[in-house]
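Take a look at the structure set out below.
Each chain gets a letter, A, B and so on, in the order its sequence line appears, and its residues count up from 1. Computed from a prediction, not measured in an experiment: that's the story for all the values here.
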There are 2 protein chains.
Amino acid sequence: MSDRPTIYAVAQRCGVSTTTVSRVLHDESFGSERTRQLVLRVAAELGWVPNGAAQGLASRKAGVVGLLFPDLGLPAAAEEESPLYVDQVIRGAERTAASMGQAVLIAAVKASGGKSLAYSVAGKVDGLVIMSRSLSDKDIATISQTVPVVLLANKPGSRSYDNVSVDNRTGVRELTSHLISHHSYASLGFVAGPHGSPDSAERFRGFCEALGTAGLPVPEAPTAEGNFTEIGGRKAMHRLIEQAELPRAIVFGNDEMAIGALSVLHDSSLRVPEDVAITGFDDIAVARHLHPPLTTVRQPMRELGEQAVSLLFARIQDPRSSRKSVYLSTELVVRASCGCETSGTN
Amino acid sequence: MSDRPTIYAVAQRCGVSTTTVSRVLHDESFGSERTRQLVLRVAAELGWVPNGAAQGLASRKAGVVGLLFPDLGLPAAAEEESPLYVDQVIRGAERTAASMGQAVLIAAVKASGGKSLAYSVAGKVDGLVIMSRSLSDKDIATISQTVPVVLLANKPGSRSYDNVSVDNRTGVRELTSHLISHHSYASLGFVAGPHGSPDSAERFRGFCEALGTAGLPVPEAPTAEGNFTEIGGRKAMHRLIEQAELPRAIVFGNDEMAIGALSVLHDSSLRVPEDVAITGFDDIAVARHLHPPLTTVRQPMRELGEQAVSLLFARIQDPRSSRKSVYLSTELVVRASCGCETSGTN
DNA sequence: CCGGATAGCGAAAACGCTTAACAAAGCTTC
DNA sequence: GAAGCTTTGTTAAGCGTTTTCGCTATCCGG
C-alpha cells in the first residue's frame, strides 16, 4: 500500500536510472536487450504497478474517459424504473474505450447537487461524454474548457458541442407510415412521454409527418400523455378506453408505456392487434417476449455509446477540428402487435 | 486544456498562498470569511477544476474505485448475449460509491490479454472489485498487494479476500421444495449451465438437497446441460422431449435457458404448466412478461454491487481488519409457470 | 586517425496538488 | 502586561512519473 514499489526502486535494483526504466516500459524498442529483460524482470518480481496519478500528472493524460449519466434519484420503490438504456450506452462506451486501451469512469449526476461530482470527474479524465440533462449549460461550458466534451441525446443546447443523437422523428415516421399503408389503419392515436421531453416531441412530430403525408388529419397535440413509464401507459390506456372511440392503432412514445397498455387491454378483453394495434419505441429486451410481441422501433443504444466515445477520441487527438454531429438512424422492428405476423421467432 | 488554471493561478489572483487556496477548498471551516469568499469566487471565475492526477498523487488517494468485469468477447452476433446482470452490478456499485462521493472506473477484462488493462486500472484506483473469472489467481494476488480487492461471485479461490456472493444453493433448494411440496410434482429435471461453472454446480446441489429432503431419488448428474443461453435451453429442451418420459417439472439453471425451453414447448404444443412446469433462476426483467410468467429465483444483483463497494470502503479505511465474506440470500418469485397463479399482475 | 553519427543511458526539471512545520497576529485570562 | 490559545497564513518538502537535455561510448567512412 504505502510501500508500493516505485520505478525508482526498480531502477536501483537494476542499477540503472528511472529514465531507463520508464523508457523500457513504454518504448518497445529501447535500450539493449539485456537491460530490457533485466528491467522487465525486476519490475515483475517487485510487483510494480504504475501509479496512475503520477503517470497522469507527468504525461498530462489520464488514460480514462468519463461518462456522466442522469440519476433520477429513484425513490427506492421504483427499483427497476431507472432508464435501462443507460446500461447499453455504458456498455457501448466501455467497449470502444477498451479498444483504445482506456477505461471508463462512470458517475451518475443527480438532478441537484451533482455538480461537484461532475467537476471532480472532469478533472480525472481525458474527455467526457455527458448524458445528463441535469447539468446546466453553464456547467457544461465550464467543463468543456477543461476537457473535451461530447453530448449524448437531444439536449436542446447541444449544438455547440460534438454530439450524437438518435433520429427519433424518422423512426416514428416510418413506423406510422407502416401502420397506415400496410394495414390501412385510418384512425391513429399517439401517447406521448413527459411534457417537455425533446425525445417525445420529436417522436410526435414524426407521427404527424406520416399522417400528413398520407393525407390524414394531423392532430394538434398527442392523444394522451404517459410519462414514459409502464404505469403512465396504463393510465393513458384507461383514459383512451373510456373515451368515445378507440383509435384503430395506437403509437406509444416508448415500449414501457406500450407494456402498460397491453396489460390494460388484456384485462379489458380487447384483442391486440385485432381490436387495436399497439406499437412502442426503443425495442427494449422484453419487447419481443410480450404477447403479442411488440412492433417497435429499435434505438441503437450501444452504438450511441460507441459513437460518443469515438467522437471523443477524435476530438482529443485534434482539439481544434470542426465540430461533429452524429445522427444515428433507428430500425423498424415489425412484430405481431401491429397486425403483421401472428407468431414467429423474432 | 494545456492552459488550465491551477491553484497557483488562483492563489496569485487572490494574493494568498496555494496552501490557503487548497485549505479553503477542503476545510469547510478554514480562514476568514473574507478570504474564503475571495478564493471561492476567483476559483469559479477562472473556471478552475481540480486536477485529479495531481490531487491523487499528493494525497495518495484517487477518489475512485474500480470494477473489473468479464468480457465474453461476444462475437458481434450475440449482441445481447453478454451477461446482462453485469449492468445491475455496475449500477449497484455506482450507487454506493456515489454515496461516498466516489466515481467508479469500469473495465471489461478479456479472457486473454486483459492483464495489462487490469494492472493499469489497479494503479488508478483506491480499491478494486473484481468480477472476472478471467484474471488468474496470481494476477489477483499481485493486484491485491497494490490496492484492496473485493471478489464478486463464487470464484473458487476467493477465500483469501473479502468477497460477496449469492446463496445459489438455498435459492434453488427453496424453489425445488416449493415444486415438490406445493405441487406434489414427483418427477423433476434439472438443466445445468456450462460445465465447470461454480454457480451452476451450486444450483444443482441445491436441487439435489431438496430432492433428498423430500425422500425422492437424488440424481448423479443434471438431466441436461444448456450453457446458460437461450439457445442452449432450446437444445436441452429438445433433447428432453425426445427422451422417454418428460419430467413433470424442470428446474432450469437460469432464466435464459428457461426462455428457450418455453418457446420450444410452445412450438411442440406442450402446455406450461399443465403438461410440464418450468422454472428459472435470476429473475431477469423479461421473466414476468413471459407466457406464462416465469417462476424463478431473484438474485439481488444490484445489492451485490452495493455490498462489494461497501466492503471495499471498509477495507480501505481499515486495511488490517479481518477478512469479510458477505453471503446474499435470494428470493423465491412464484409466478404461473410452476402451476401457481394462472394470471395476475406480478 | 579523425570528425561525426548514433546507440545507450543519466541528471534533473517539471507536472499541480497536499501537508507538515512554522510564524505572526489577535484573543483571552489571570 | 505576560503567558498561553486560536486563528490565519506562509514556506517548502514531497508525491511517482515523464521528458528534455545532454553526456559518453562505440562505430563508420574517408
Side-chain angles (χ1 to χ4, degrees), chain A residues 1-40 42-43 46-64 119-120 122-126 146-147, chain B residues 1-40 42-43 46-64 119-120 122-126 146-147:
Chain A
M1 181 108 304
S2 55
D3 47 357
R4 259 165 74 170
T6 71
I7 61 166
Y8 185 70
V10 175
Q12 270 200 323
R13 278 267 229 138
C14 294
V16 300
S17 72
T18 61
T19 310
T20 300
V21 175
S22 175
R23 285 245 177 75
V24 166
L25 260 18
H26 291 99
D27 291 7
E28 281 294 309
S29 62
F30 173 89
S32 62
E33 195 55 23
R34 225 161 59 87
T35 314
R36 288 188 61 75
Q37 295 308 326
L38 179 64
V39 169
L40 258 18
V42 170
L46 257 43
W48 176 83
V49 170
N51 179 316
Q55 277 187 320
L57 185 55
S59 68
R60 291 101 194 296
K61 53 194 55 162
V64 171
Y119 276 61
S120 150
K124 293 182 164 81
V125 299
D126 293 330
T146 304
V147 290
Chain B
M1 178 113 304
S2 57
D3 47 357
R4 258 164 74 169
T6 70
I7 63 166
Y8 185 71
V10 175
Q12 270 200 322
R13 279 267 229 137
C14 294
V16 300
S17 71
T18 61
T19 310
T20 302
V21 175
S22 175
R23 284 243 178 73
V24 166
L25 259 19
H26 291 97
D27 292 7
E28 281 295 307
S29 61
F30 173 89
S32 61
E33 196 56 22
R34 223 161 59 87
T35 313
R36 288 189 60 76
Q37 295 309 325
L38 179 64
V39 169
L40 260 17
V42 171
L46 257 43
W48 176 83
V49 170
N51 178 317
Q55 275 187 320
L57 186 55
S59 67
R60 287 100 196 298
K61 53 193 54 163
V64 172
Y119 276 62
S120 150
K124 293 181 163 82
V125 300
D126 293 330
T146 305
V147 289

_Residues which pass side chain to side chain donor-acceptor pair (under 3.5 Å) with A:Thr35, listed by chain and number, not counting sequence neighbours_ =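 By the side chain to side chain donor-acceptor pair (under 3.5 Å) rule, A:Thr35 matches A:Ser32.
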Given atom [atom1] of [X] and atom [atom2] of [N], what is their separation to the nearest angstrom?
| X | N | atom1 | atom2 | answer |
| --- | --- | --- | --- | --- |
| B:Ile7 | D:dA12 | CD1 | C1' | 14 Å |
| A:Arg60 | D:dT18 | CZ | P | 13 Å |
| B:Asn51 | D:dG16 | CG | C1' | 14 Å |
| A:Leu25 | D:dT18 | CG | P | 7 Å |
| B:Leu57 | D:dT17 | CG | P | 9 Å |
| A:Arg34 | C:dA7 | CZ | P | 19 Å |

*Between D:dG14, D:dT18, D:dT17, which one does the side chain of A:His26 approach most closely?*
D:dT18
Scan nucleotides 8-12 of chain C against the protein and return all N/O pairs shorter than 3.5 Å with their distances rounded to 0.1 Å.
residue, atom, partner, partner atom, Å
C:dC9, OP1, A:Thr35, OG1, 2.7
C:dC9, OP2, A:Ser32, N, 3.2
C:dC9, OP2, A:Thr35, OG1, 3.4
C:dG10, OP2, A:Ser17, N, 2.7
C:dG10, OP2, A:Ser17, OG, 3.0
C:dG10, OP2, A:Thr20, OG1, 2.6
C:dA11, N6, A:Thr19, OG1, 2.7
C:dA12, N6, A:Thr19, OG1, 3.4

_side-chain N/O B:Gln55 vs C:dT18 OP1/OP2, d < 4.0 Å_ = yes
*Kindly determine whether A:Asn51 and A:Thr6 satisfy side chain to side chain contact (heavy atoms under 4.5 Å, CB included), including the steps that lead there.*
CA-CA 8 Å; A:Asn51 179 316; A:Thr6 71; over 6 Å; no
*Neighbour count >12 (heavy atoms, 6.0 Å) for atom CZ, A:Arg13*: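 Open: at most 12 neighbouring heavy atoms sit under 6.0 Å from CZ of A:Arg13.
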*B:Asp27 to B:Arg36 - nearest heavy-atom pair and separation*: O-NH1, 3.2 Å
*asked:* Please give me the minimum heavy-atom distance between B:Cys14 and B:Val39, naming the atom from each residue.
replied: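 Reported closest heavy-atom pair: SG-CA, 3.8 Å.
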When the side chains of residues 18-26 of chain B are checked against the rest of the protein, which donor-acceptor pairs come out under 3.5 Å, sequence neighbours left out?
residue, atom, partner, partner atom, Å
B:Thr20, OG1, B:Ser17, OG, 3.3
B:His26, ND1, B:Ser22, O, 2.9

